[in-house]
Protein chains: 2
Amino acid sequence: MPAERPENWKRNLAKETKNTLRDSVYSALKAMIVTGQIPPGSRVTENDIAAKLTVSRTPVREAFNRLERDGLVTGRPRQGYVVTEFDINMFREAFEIRELLDGHATALAAAAATEQDKARLRAMLAECERLAAIPERTTREKFQELEVGIDLHRVIAEISGNAMLHGMLCGILDKCQHYVWTELLWLDEWKIARDEHAEIVEAICAGDAARAGTLARAHVRGSRDNVLRLLQAKSDYQSFLAKAS
Amino acid sequence: MPAERPENWKRNLAKETKNTLRDSVYSALKAMIVTGQIPPGSRVTENDIAAKLTVSRTPVREAFNRLERDGLVTGRPRQGYVVTEFDINMFREAFEIRELLDGHATALAAAAATEQDKARLRAMLAECERLAAIPERTTREKFQELEVGIDLHRVIAEISGNAMLHGMLCGILDKCQHYVWTELLWLDEWKIARDEHAEIVEAICAGDAARAGTLARAHVRGSRDNVLRLLQAKSDYQSFLAKAS
DNA sequence: ACACTCAAAATTGTATACAAAATAGCATGC
DNA sequence: GCATGCTATTTTGTATACAATTTTGAGTGT
């Protein structure tokens, strides 16, 4: 099928197409996983993806290799790949690390932020406020707010100036983003995060590294607790159902 | 060439061959890079590796993808791969993160270590001592001592119980190992590390998490300073030569 | 001697063919 | 009816063929 492909076949792939199919497939799959379009636990086969994106299996396999390295899919030899499912324990592990890294990155950012950086953070905050203030907002707008809220942390990590730290934090956030979305979306506590974000940005703009770091760590702990509480409740419900039957 | 391959062709690859060629090639390449057999900055082409390991390009490409994700090689589309070269800045970044993660992992390990774990750590320490005490030891034995010393940190991270933390620390150590080897090998300060390792293991065995964490952080800072001093001297020498000519 | 052009070689990117393994389903035997 | 074993299908792993792009180098012109 890839043989007689229309002129502008690239539209099937990610919006901003890289110059190689491998990268495009990687971006497309990553986006679908992170946003939950392909839910955790789904089996993904090379043929399906290749057919869906109108490419051969080769670039798909290479994309899978990268995704596996990112921890977004889990594969065993000759048994295919599955979108990684986070259990409660993996979540706890991830957020424990995130607390360290995000706290440090935020402290660094407070020391390193230029005026331009500060303006960028304030703009993101304002965008969150705007999306939150919409009277009868749709799910789509809730998602957008969450996305900007998570991106805020990515940008802070970028401002920290430590590229490796930035990369590692993005990796963790990618892995968790879907869960944060689906779990936190329905939680009123999310507005607490909004306030905490504001405080963090404030501390960064004031150049108060110690305070920014402390706030960031507390914020991560708070997010963790919210998600864990929901996951725990879900898990309890599952075992309740199992016993009842 | 892969077509008519001898019965026991697997000997060309890593000692412990996984069940897929891709994994074998990955292990083999990773070992060659980490130990410096393929020095940083080397250009690695798919054909060369494929020919050297008597496999086709396909598994080599997939191994490259993983190595690139690990940060061990750097590749640009259609320009091949190069073994990643660390500059002073990347080093500083890596050790800054390692200080956080290693410190935390060591503190966790102090709280979680079983008697079996403690015995394992003590055994590694004893092995270091043994290798250090050899009267007229060869370079090979020095390397072995360094390797055990670095592995000690991997094992501590494993004992921490946080698998993600363990994985991330191993990734950082892999990236830095070659430099630690080639730079630190000739440094007398390495015996300081031996003493510090002993102190850290002691704190873990005593279950003193706070002390273990503090010691680990100080140890990472010390290692960093030693490597950075040498890298800086090298860099200065380079620019001196450049100006002199 | 230097720059420029163009072609040839080398190298990666993609597709496809084939092999090996795992899974599923069916038939057979108890 | 159920378990077991075999075959058929599906899916991944590997090799190779082909396309596209970059690099190299020779040759030409100034």
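A note on names: the letters A, B, ... follow the listed sequences, proteins ahead of strands, and every chain is numbered from 1.
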Just how far, in rounded Å, is P of dT11(D) from CG of D48(A)? 7 Å
Measure from the side chain of P77(B), starting at C-beta and using heavy atoms only, and say which of dT14(D), dT14(C), dG13(C) lies closest. dG13(C)
If I take atom CZ in residue R57(B) and atom P in nucleotide dG13(D), what distance separates them, rounded to the nearest angstrom? 19 Å
Go through V82(A) and V44(A) one step at a time and tell me if the side chain to side chain contact (heavy atoms under 4.5 Å, CB included) criterion holds. CA-CA 6 Å; V82(A) 171; V44(A) 282; over 6 Å; no
Regarding R98(A) and the six-membered ring of F95(A), is the cationic atom NZ or CZ under 6.0 Å from the ring centre and inside 45° of its axis? yes
Could you give the CZ-to-C1' distance, from R22(A) to dT11(C), as a whole number of Å? 13 Å
Separation of dT12(C) P from R61(A) CZ (nearest whole Å): 19 Å
Check every atom of dA15(D), dT23(C), dT12(C) against the side chain of Q79(A) and return the nucleotide holding the closest atom. dT23(C)
Does the pair R66(B)/D23(B) count as a salt bridge with the N-to-O cut at 4.0 Å? yes
For R78(A) and dA19(C), what is the distance between atoms CZ and C1' respectively, to the nearest whole Å? 10 Å
Please give, in whole Å, the distance from dA15(C) P to L53(A) CG? 11 Å
Could you tell me how far apart L21(B) (CG) and dA20(C) (P) are, to the nearest whole angstrom? 12 Å
Which residue lies more 5' along DNA chain D, comparing R43(A) with T58(A) via nearest heavy atoms: R43(A)
Value in whole Å for how far the P atom of dG13(C) lies from CG of N65(A): 14 Å
Looking at D48(B) and R43(B), is there a salt bridge between them, counting it only when a charged N and a carboxylate O are closer than 4.0 Å? no
